[in-house]
Amino acid sequence: MANEILAEQISKEYEYGFVTDIESDNLPKGLNEGVIRLISNKKNEPEWMLEYRLKAYGHWLTMEEPHWAHVSYPKPDFQNIIYYSVPKQKKQLNSLDEVDPELLKTYEKLGISMEEQKRLSGVESRIAVDFVMDSVSVKTTFKETLAEKGIIFCSFGEAVQEHPELVKKYMSSVVPYTDNFYAALNSAVFTDGSFCYIPKGVRCPMELSTYFRINSAGTGQFERTLIVADEDSYVSYLEGCTAPMRDENQLHAAVVEIVAHKNAEVKYSTVQNWYPGDREGKGGIFNFVTKRGICLEDNSKISWTQVETGSAVTWKYPSVILKGDNSVGEFYSVAVTNNYQQADTGTKMMHLGKNTRSTIISKGISAGFSNNSYRGLVRISKGATNARNFSQCDSLLMGDKCGAHTYPYIEIKDKSGIVEHEATTSKIGEDQLFYCKSRGIDNEKAIGLIVNGYCKEVLNKLPMEFAVEAQKLLAVSLEGSVG
Amino acid sequence: MLSIKNLHASIGGKEILKGINLEVKAGEVHAIMGPNGSGKSTLSAVLAGREEYEVTEGEVIFNGKNLLEMSPEDRAREGVFLAFQYPVEIPGVSNVNFLKTAINEIRAYKGLEPMEAKDFLIRLKEKQKLVELDGKLTNRSVNEGFSGGEKKRNEIFQMAILEPKLAILDETDSGLDIDALRIVANGVNKLKSKENATIVITHYQRLLDYIIPDVVHILYNGKIVKSGPKELALELEEKGYDFIKEEVGA
Ligand SMILES: Nc1ncnc2c1ncn2[C@@H]1O[C@H](COP(=O)(O)OP(=O)(O)OP(=O)(O)O)[C@@H](O)[C@H]1O
Ligand SMILES: [Mg+2]
């Protein structure tokens with residue numbers, strides 16, 4: 001089935017490049033204390049939140065942009081960004097009819113259903129969606145159904161109002177604002193994002209998902225996501241993102257924090273499809289993201305799965321701190337770069353607890369003039385007895401003008417730790433392509449097949465619906481890259 | 001069905017095929033034999049459309065169409081099938097998915113709807129039985145980790161599924177044990193019809209005990225130097241290639 005869809009999609013270029021014509025409420029460009037106070041004020045935030053923002057801003061001013069990643073790009077002009085842009089709509093939405101029809105059309109084009117119904121016929125599971133456009137969450141579906149189980153799924157802004165004790169307790173506990181340049185910036189100016197809390201003993205009955213969309217020109221998106229899984233709970237969370245095609249580079253600097261308590265499990269899947277820029281490398285999103293989870297207590301598990309096809313520059317290392325004993329961290333990644341895209345992505349697995357285990361499977365695919373780097377750290381701290389890691393990093397090259405790089409860092413402070421690392425680099429084979437063609441399969445479809453086969457281990461980890469989307473995306477991203 | 005006239009082809013500036021002439025009619029089985037490096041695989045690759053080879057002279061007409069002008073995938077869609085001497089592994093792509101994609105591509109070319117899942121399964125089962133292929137292999141990645149013999153059998157399985165008009169089997173018999181040889185030959189024979197034709201490339205007359213050829217050709221140094229009835233294969237087995245060398249005066 002995936003291949004039929006693949007067939008339809010194969011000839012398409014970036015298909016989410018449209019702009020929604022909707023009035024928005026923007027702050028003027030630029031960043032200073034006043035702007036931060038305004039954002040906080042617009043969001044009607046409590047004093048402690050404003051204080052947090054200002055502390056983060058103060059710290060950010062003392063920091064330098066990081067330069068260690070294998071990417072090069074013009075330094076963003078932080079005074080030339082709009083930090084707050086909100087599509088105008090009525091204050092309280094009581095039903096779908098009240099949503100701006102332009103917005104509804106946007107959802108439709110993006111293939112997201114705002115109706116609380118099945119997205120794909122024949123698929124049993126329903127998906128609750130939080131839709132974030134530019135700086136604000138526009139609509140969250142299934143809230144009531146989830147609330148019956150005590151699950152909180154809402155925009156970050158709403159969580160600050162409705163559940164301040166939870167936000168205060170967990171926010172910044174995994175990614176402090178001092179963590180890095182972009183985390184500090186995000187902590188100062190973040191506008192919205194999703195918040196999710198799964199109470200003790202609850203298995204979330206549906207996939208939760210946030211769809212991020214940059215629409216307005218000149219804006220940056222700084223979203224904040226916080227997921228807390230209390231004892232014995234489970235949740236699978238999906239994140240998707242797109243942006244219009246523009247000549248300018250737009251900045252997206254998000255922070256995602258996950259906390260897993262005792263015996264809890266969180267699966268976080270991303271299909272990242274920000275506008276990658278055109279064939280000449282003009283425009284596209286700078287995607288500088290800090291994602292980290294902590295397995296706070298025993299037997300907890302956090303699993304990151306990502307399919308990265310978009311953005312002009314990606315800088316992203318979803319990580320897991322394995323604090324609880326027997327906790328498990330996983331990172332499954334496919335990163336595709338084509339044309340002039342650059343990606344420096346990987347993970348950090350920090351083993352602190354005993355018998356902690358981590359698995360890293362990274363599949364990089366480079367085409368065109370792009371650069372694709374895997375950067376990963378496995379640290380086994382003293383006292384993390386019998387910790388284990390397995391890492392496998394494969395690179396696939398299409399053509400000879402692109403680059404693939406692997407930077408594995410390993411620090412073992414406890415003698416009982418076992419770390420295995422495997423890495424391969426291969427070229428997409430003319431033999432494989434010809435073999436497919438000799439069976440009647442054309443070039444584009446053959447590439448789709450071969451690449452999807454190469455990424456299978458990772459794609460298999462995605463929820464069904466996402467996997468299909470990811471397969472399509474892979475084919476589209478690599479369109480015209482060989483032959 | 002297939003008409004090759006004065007075909008010259010080279011790779012890397014080196015001429016490998018030096019004027020091949022061959023006529024294959026529907027319903028026929030042709031065997032091509034010849035020493036290592038004589039150009040047998042080159043001929044099959046050129047017919048299947050491998051781009052690395054440059055055709056410098058000659059023409060190939062397949063069912064009235066100029067084969068050399070077609071892309072490799074269109075040749076396959078028109079009914080040319082090559083069983084590779086060295087089948088290629090495609091990790092992560094299941095045999096089933098691969099074949100389904102191929103079938104539907106071929107159908108789309110003919111303006112047909114994709115095959116119903118049920119019909120596809122039936123065909124899969126039926127052909128699996130025909131070539132006695134282990135069911136587990138169909139769900140595994142294409143040729144990945146297959147033994148040499150399993151790969152060859154998988155080629156015949158693919159042929160059976162795709163039902164080509166012209167099948168070219170490039171040394172499908174090498175690496176097969178006696179039983180597999182019989183099964184593969186049996187498969188080929190069962191698929192034989194008045195409408196299709198087969199070119200069997202082999203080093204061993206043994207295969208020709210099972211697949212009875214209408215004509216045997218000897219390819220030598222890029223040319224077909226001798227053609228004859230199936231007894232030619234026996235003669236060759238007996239005398240080796242030396243007698244050919246003498247005959248062509250090489
Ligand atoms: N890429 C290449 N560059 C140069 N010469 C090549 C290339 N490919 C094939 N050849 C040469 O072409 C000649 C014919 O090769 P081919 O594979 O067609 O032989 P064959 O008859 O199939 O032999 P075998 O019985 O060993 O399978 C050989 O001498 C081979 O070395
Ligand atoms: Mg050969």
Side-chain angles (χ1 to χ4, degrees), chain A residues 1-11 122 332 334 361 363 365 392 394-396 422 424-462 467-468 470-472 474-475 482-483, chain B residues 44-45 47-53 70-84 86-110 113-115 117 140-144 151 154-155 158-159 161-164 167-168 170:
Chain A
M1 172 193 60
N3 277 297
E4 286 150 28
I5 299 165
L6 217 127
E8 279 167 39
Q9 295 286 330
I10 213 131
S11 56
Y332 298 98
V334 170
I361 308 282
K363 305 273 181 178
I365 301 163
Q392 186 185 323
D394 298 328
S395 313
L396 186 68
E422 288 174 13
T424 65
T425 301
S426 48
K427 282 195 87 160
I428 193 156
E430 283 300 326
D431 287 344
Q432 289 177 333
L433 283 175
F434 180 65
Y435 193 67
C436 293
K437 288 183 204 172
S438 78
R439 301 301 183 245
I441 302 167
D442 68 19
N443 198 57
E444 298 284 2
K445 219 167 250 178
I447 290 172
L449 263 184
I450 296 166
V451 165
N452 278 315
Y454 167 79
C455 302
K456 197 171 189 177
E457 277 167 282
V458 175
L459 297 178
N460 278 348
K461 295 286 167 187
L462 289 172
V468 174
Q471 289 190 330
K472 289 193 274 181
L474 285 180
V482 165
Chain B
S44 41
L47 292 178
R50 181 111 201 188
E51 279 111 351
E52 284 90 331
Y53 295 92
M70 283 183 222
S71 67
E73 58 270 28
D74 280 351
R75 297 180 197 202
R77 294 161 182 173
E78 288 285 343
V80 176
F81 179 91
L82 171 61
F84 283 55
Y86 304 107
V88 180
E89 302 191 358
I90 311 180
V93 179
S94 74
N95 248 332
V96 175
N97 187 12
F98 182 70
L99 283 170
K100 201 159 123 195
T101 308
I103 281 199
N104 287 334
E105 285 283 281
I106 293 169
R107 287 176 69 92
Y109 179 78
K110 294 177 179 158
E113 293 284 302
M115 197 173 210
R140 267 170 53 185
S141 298
V142 180
N143 294 322
E144 196 190 23
K151 282 183 185 169
N154 195 29
E155 292 291 286
Q158 292 183 21
M159 177 184 91
I161 295 270
L162 298 178
E163 298 176 340
I168 306 162
D170 190 358

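- Considering every non-hydrogen atom in both A:Ile441 and B:Glu105, the closest pair reads CA-OE1, 4.0 Å.
- Ion pair B:Arg50/A:Asp431 flagged as a salt bridge, since at least one NZ, NE, NH1 or NH2 atom sits closer than 4.0 Å to an Asp/Glu carboxylate oxygen.
- Atom CD1 of A:Ile450 is separated from atom CZ of B:Phe98 by 8.5 Å, given to the nearest 0.5 angstrom.
- A salt bridge links A:Arg439 with B:Glu155: the closest approach of a Lys/Arg side-chain nitrogen to an acidic carboxylate oxygen falls below 4.0 angstrom.
- Between B:Ala76 and A:Gly440, the shortest heavy-atom contact is CB-N, 3.3 Å.
- Ranked by heavy-atom pairs shorter than 4.5 Å toward chain B, the options A:Lys456, A:Gln432, A:Lys437 are led by A:Lys437.
- Here OG of A:Ser438 is found 8.0 Å from CD of B:Gln158. Values are rounded to the nearest 0.5 Å.
- Between B:Asn97 and A:Leu449 the shortest side-chain heavy-atom distance falls below 4.5 Å.
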Exercise for the section: Just do the side-chain hydrogen bond (donor to acceptor under 3.5 Å, both in side chains) check on A:Tyr435 and B:Asn143 with the steps written out, would you? Expected result: CA-CA 11 Å; A:Tyr435 193 67; B:Asn143 294 322; 3.1 Å; yes
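- No more than 12 heavy atoms of other residues, nucleotides or ligands lie within 6.0 Å of CD in B:Glu113, so this atom counts as exposed by the packing criterion.
- Distance check, rounded to the nearest 0.5 Å: CG of A:Asn452 to CD1 of B:Ile90 gives 12.5 Å.
- Residue B:Glu89 touches chain A through its backbone alone, counting heavy-atom pairs closer than 4.5 Å.
- You'll find the side chain of B:Pro72 reaches within 4.5 Å of the side chain of A:Phe434, heavy atoms only.
- Put simply, CG on A:Asp442 and CZ on B:Arg77 are 5.5 Å apart, with the number rounded to the nearest 0.5 Å.
- In this structure, the portions of A:Cys436 lying under 4.5 Å from any heavy atom of chain B include both its backbone and its side chain.
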